[in-house]
Structures are given as structure tokens and as C-alpha cells.
Participant: 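I have a structure here, written as C-alpha cells, and I will follow up with some questions on it.
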Amino acid sequence: MSERVYLLPLWVRLWHWTNALLIITLTITGISLHFADPKLPLVEFSLAARIHDIAGLALVAAYAFFAVANIVSGNWWQYVPKPPGIIDRCMVQARWYLWGIFQGEPHPYPVTKEVNFNAMQALVYWFIMYIMMPTLLVTGLVFMFPQFAPEHVFGMDGLLPVAVLHYLTGTAIVLFMIAHMYLGTTGHTVTTMFKTMITGWHEH
């Protein structure tokens, strides 16, 4: 018999889906800008540039909301890996993702209201949300306002390392998003975790 726990408040769910929509939009337009080919456009270049800028500013606003709401609500604590045995628990979790789940083994660390993320999730989400996202947003803003970029870095044009860092960080976040969607299918049923992000209720 399944057990339900109310896990995600409305603000988390609204932010999550807003964030997802903006990142998908930025991915499509970013690919159109980076691999510009008049014969194979995902989105026409000038239109892609305008949409990318608008969605980028919207993502900055969404991230600012997330950061403030996380502090005010105390939800930031979910992103902190809880000792002891963080590495050991990550190894157990990795084994389950790679092997145990396909053998029908139960989840080694079931979700609770007090602890939403297992140790591996906490480490990865913390890195994505507090290292990668700020890097992506700051480099994107420098692109929009190049007067704030250094003129030269290590003898190169100041925007070149910004461009490389923005591209690499964006690629990493897209790869994380793909993995995130796959892992979203590993709940009680294939759709359980997606329903949780809609209703707020988690089902064991």
C-alpha cells in the first residue's frame, strides 16, 4: 500500500516549471545562435537572439526569486548534504541507480518531509544551483552588457573566456536537465515524480 507525504510547496513547483520552460527556451535559442546555419535554423538568428536575451533576463529574475525564497522558507537546508557518511551514501545511491533499480530493489534512502534529497542529489543540486547557475547567469549578463567585460584576459579578447565559460556551463546544465528528466522516471511508477512536481504530494 502506498504512502503519501506533502513534500513540495506551491512556490517550489511554480519556480521549477518556470525554470524548466526558460532553460528549454534558452537551449533551443542558444543552439540556434551557436550553430548558426541559414540552411538549418532551429530559430532564425535575429529572432533567436531577442528571445534568448528576454528568456535570459527572466531566468535571472527566477533565480533571484529562488535564492530569496530558499532562504526565507528554510528550504536551503535541503541542498546541504547531511553528514556523517556522505561519500558512502553517495556510493550506495550510485549503485542503486546503476544496478539496484533494474533488479527491483527498494530505494536505499526513501524521501521524507525532513529530507527531500538523498546525499547524491543534495551534492549535485547544490553544485548546479549555487555554482553552475550563477556562472551561467553572470556570463550571460556580461554578453548582454559587454562594457562590463575586461578588455583582455591572458592576452585574449575579454569576451572570449566569457563565451567559452558560458557555453560550457550551459552545456553542463542541459546534460543535467536530461539526466534529471530520466531520474524523474525512477519513482514508485514512471510518472510518480512528475505528479509530485505538479501536486506537491510524494508517493512511496
Participant: Just how far is it from atom CG of Leu137 to atom NE2 of His166, taken to the nearest 0.5 Å?
Facilitator: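 If I round to the nearest 0.5 Å, the distance is 8.5 Å.
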Participant: Would you confirm whether Trp76, through its side chain, and Val68, through its main-chain N or O, come within 3.5 Å as a donor-acceptor pair?
Facilitator: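 A pair under 3.5 Å: no.
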Participant: So, do Leu183 and Gln121 sit near enough that their side-chain heavy atoms are less than 4.5 Å apart?
Facilitator: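 No. Closest side-chain heavy atoms not under 4.5 Å.
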Participant: Should Val5 and Val115 be regarded as members of a common hydrophobic cluster, given that ILVMFWY residues are connected when their side-chain heavy atoms come within less than 4.5 Å of each other, either directly or indirectly?
Facilitator: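 No.
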Participant: Please check this pair: side chain of Glu203 against backbone of Met193, looking for a donor-acceptor N/O pair closer than 3.5 Å.
Facilitator: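 Side chain of Glu203 to backbone of Met193: no pair is present.
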Participant: Mind checking salt bridge (charged side-chain N to carboxylate O under 4.0 Å, His left out) for Arg13 and listing every partner two or more places apart, or none if nothing turns up?
Facilitator: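 Testing Arg13 for salt bridge (charged side-chain N to carboxylate O under 4.0 Å, His left out), a comparison that skips the adjacent residues, returns none.
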Participant: Do Val12 and Leu21 share a hydrophobic cluster (ILVMFWY, side-chain heavy atoms under 4.5 Å, transitive)?
Facilitator: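 Each belongs to a different hydrophobic cluster.
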Participant: Just wondering, do Met91 and Met120 contact through their side chains at under 4.5 Å, heavy atoms?
Facilitator: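 Heavy-atom side-chain distance check fails, nothing below 4.5 Å.
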Participant: Establish whether Trp96 and Val92 are linked, either directly or via other cluster members, by ILVMFWY side-chain heavy-atom contacts under 4.5 Å.
Facilitator: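 No, Trp96 and Val92 fall in different hydrophobic clusters.
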Participant: OG1/Thr27 to CG/Leu22 distance, rounded to the nearest 0.5 angstrom?
Facilitator: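 Here the rounded value is 10.5 Å.
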Participant: Mind checking the CG-CG spacing from Leu14 to Leu8? Nearest 0.5 Å is all I need.
Facilitator: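 Interatomic distance, Leu14 CG to Leu8 CG, rounded to 0.5 Å: 11.5 Å.
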Participant: Going by heavy atoms in the side chains, are Trp11 and Phe65 under 4.5 Å from each other?
Facilitator: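 Side chain of Trp11 against side chain of Phe65, heavy atoms only: contact under 4.5 Å found.
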Participant: Return the orientation label for the His16 and His180 ring planes: parallel under 30°, perpendicular over 60°, tilted otherwise.
Facilitator: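 It falls in the tilted class, 30° to 60°.
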Participant: Could I get the full list of ring pair (Phe, Tyr, Trp, His ring centres under 6.0 Å) partners for Phe66, not counting sequence neighbours?
Facilitator: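 With neighbours one apart ignored, the set is Trp15, Tyr63, Tyr79.
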Participant: Assess, by modelled atom type and distance only, whether the side chains of Thr192 and Thr189 contain a donor and an acceptor separated by less than 3.5 Å.
Facilitator: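 Distance-only check passes for Thr192 and Thr189.
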Participant: Kindly work out whether a path of hydrophobic side-chain contacts (I/L/V/M/F/W/Y, heavy atoms less than 4.5 Å apart) joins Val111 to Met181.
Facilitator: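 Yes, Val111 and Met181 fall within the same hydrophobic cluster.
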Participant: Starting at NE2 of His52, measure out to OG1 of Thr25 and round the result to the nearest 0.5 Å.
Facilitator: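 Output value for this atom pair is 10.5 Å.
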Participant: Counting distance only, does the side-chain N/O of Thr139 pair as donor-acceptor with the main-chain N or O of Leu136 below 3.5 Å?
Facilitator: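 Yes, Thr139 side chain to Leu136 backbone: donor-acceptor pair under 3.5 Å.
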Participant: For the CG atom of Leu7 and the CE atom of Met197, what is their distance to the nearest 0.5 Å?
Facilitator: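 Atom-to-atom, Leu7:CG and Met197:CE are 8.5 Å apart.
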Participant: Quick check: closest heavy atoms across Ser32 and Val43, and the distance to 0.1 Å?
Facilitator: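 The pair with the smallest heavy-atom distance is OG-N, 3.0 Å.
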Participant: Hey, are the side chains of Phe117 and Val124 touching, using non-hydrogen atoms and a 4.5 Å cut-off?
Facilitator: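 The answer is no; the side chains never approach within 4.5 Å.
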Participant: Working to the nearest 0.5 angstrom, can you tell me the gap between Leu10 CG and Thr199 OG1?
Facilitator: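 Answer for the CG-OG1 pair, Leu10 versus Thr199, is 11.5 Å.
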Participant: Could you tell me whether a side-chain N or O of Thr191 sits under 3.5 Å from a main-chain N or O of Phe194, the two making a donor and an acceptor?
Facilitator: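 Not at all, since once roles are kept as given, no pair shorter than 3.5 Å links the two residues.
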Participant: How close do Leu33 and Ala48 get, counting heavy atoms only, and between which atoms?
Facilitator: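 Looks like CD2-CB, 4.0 Å.
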Participant: For Tyr125 and Asn116, does a side-chain donor sit closer than 3.5 Å to a side-chain acceptor?
Facilitator: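 Note: Tyr125 and Asn116 side chains miss the donor-acceptor criterion.
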Participant: Considering all heavy atoms of both residues, which atom of Cys90 and which atom of Leu123 are nearest to each other, and what is their separation?
Facilitator: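 The answer is SG-CD1, 3.4 Å.
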Participant: Taking atom CE as the centre, does Met144 end up with more than 12 heavy-atom neighbours from other residues, nucleotides or ligands that are less than 6.0 angstrom away?
Facilitator: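 Enclosed.
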Participant: Can you find a heavy atom in the side chain of Tyr97 that is under 4.5 Å from one in the side chain of Asn118?
Facilitator: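 They are in contact (side-chain heavy atoms under 4.5 Å apart), so the answer is yes.
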Participant: Using a 3.5 Å distance criterion without hydrogens, assess whether the side chain of Trp126 forms a donor-acceptor pair with backbone atoms of Pro81.
Facilitator: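 Not a single qualifying donor-acceptor pair exists.
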Participant: Any non-hydrogen side-chain atom of Met133 less than 4.5 Å from a side-chain atom of Asn19?
Facilitator: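 Yes, side chains in contact.
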Participant: Check Val80 against Ala122 and note the closest heavy-atom contact, atom names and distance.
Facilitator: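 Between these two residues, the closest heavy atoms are C-CB, 4.3 Å.
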Participant: Measure from the side-chain N and O atoms of Gln103 to the backbone N and O of Gly100, and report whether any donor-acceptor pair falls under 3.5 Å.
Facilitator: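 A pair under 3.5 Å: no.
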Participant: Report yes or no: do Val190 and Met177 belong to one cluster of Ile/Leu/Val/Met/Phe/Trp/Tyr joined by side chain heavy-atom distances under 4.5 Å?
Facilitator: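 No, because Val190 and Met177 fall into different hydrophobic clusters, even though each may have its own neighbours under 4.5 Å.
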Participant: Backbone N or O of Lys195 within a donor-acceptor pair of the Trp201 side chain at under 3.5 Å?
Facilitator: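 Not a single qualifying donor-acceptor pair exists.
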